[in-house]
Each structure stands twice: as structure tokens, then as C-alpha cells.
Amino acid sequence: EAELSGEYRVPPLALLESIEPDLSDPREVVVVDQRTDKNLQGFLGDLVETVGAIEDKTERAAAVARAVTERLGGPVESEDALAGRWAEASYDLRSERGKLTVPI
């Protein structure tokens, strides 16, 4: 882990993916890669089709926000509820993958 400090401002993804976390380790790296994530590509394609035709920028932004909210599990009551939901999902993903990096 010495390589995580020093010369790198942001460590290379390969280095971050090589760290096998203790599941109590609170660190995590969320990876968003449109090039390889077929689900994200499909979601973005659907957004272009459904939201792209909305001319009013405010309405379009609201429609995108609603779609993203639903895609990520729906609205929550509070920040604490969101933090709890993410902590559970993140823990499950890190446990399943054995890596600090989790796809969103």
C-alpha cells in the first residue's frame, strides 16, 4: 500500500484493483466505465430516446434525475438512509469481488 501515496495523485486503476480489502476497510473506489458496462450503455441509450426529445432544459434535467434515481434504487427518506443503503450495497460488492473497486 506504500504505492498509494507519493508520486501518484490518483493511483492507477490496476493498482487499486490489486488491493484485496479487509471487509472492515472503509475505502472503496467506484468505477464507471461506459466502454465496458453494457448496462450503462443501454441505460444511456434509453435516456437519449426518452429524454432527448424534451426541449425544455429544466424539464429534461428533471427527467434525467428521476431516471437516475430509479436506476439507483429509488428515492430515500434521508441522507442517513442513503448512506445505509450504499454501505450495504458497497459491502456486498467488495465482498463478492474481493476488491476495493466496485462498479456502479
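Just so you know, these numbers use all the heavy atoms, side chains as well, and skip hydrogens, waters and symmetry mates.
- Interatomic distance, CG of D22 versus CG of L100, reported as 10.5 Å (0.5 Å rounding).
- Hydrophobic clustering of Ile, Leu, Val, Met, Phe, Trp and Tyr side chains at less than 4.5 Å, counting indirect connections, unites F43 with V32.
- The shortest non-hydrogen separation linking E70 to P75 is OE2-CD, 3.6 Å.
- Judged by distance alone, the side chain of Q34 and the main-chain N or O of Q41 form no donor-acceptor pair under 3.5 Å.
- Remark: the backbone N or O of L15 is paired with a side-chain donor or acceptor of S18 at under 3.5 angstrom.
- Side chain of S95 to backbone of Y91: no donor-acceptor contact under 3.5 angstrom is found.
- A distance of 9.0 Å separates CZ of R71 from CG of L47, quoted to the nearest 0.5 Å.
- Inter-residue side-chain proximity for V76 and W86 is flagged as unmet; no heavy-atom pair is nearer than 4.5 Å.
- When the side chains of ILVMFWY residues are joined at heavy-atom separations under 4.5 Å, either directly or via intervening members, V51 and L72 end up in a single hydrophobic cluster.
- Residues E28 and P21 fail the side-chain proximity criterion, which asks for heavy atoms closer than 4.5 Å.
- Under the 4.5 Å side-chain contact rule for hydrophobic residues, V30 and V68 share a cluster.
- The closest donor-acceptor contact from the side chain of R60 to the backbone of G52 lies at 3.5 Å or more, if one exists at all.
- With values rounded to the nearest 0.5 angstrom, D33 atom CG is found 8.5 Å from L13 atom CG.
- Between the CG atom in L16 and the CZ atom in R27 there is a gap of 9.0 Å [rounded to 0.5 Å].
- The shortest non-hydrogen separation linking I54 to A63 is CD1-CB, 3.8 Å.
- For the residue pair V102 and R94, the shortest heavy atom distance occurs at CG1-CG, 3.6 Å.
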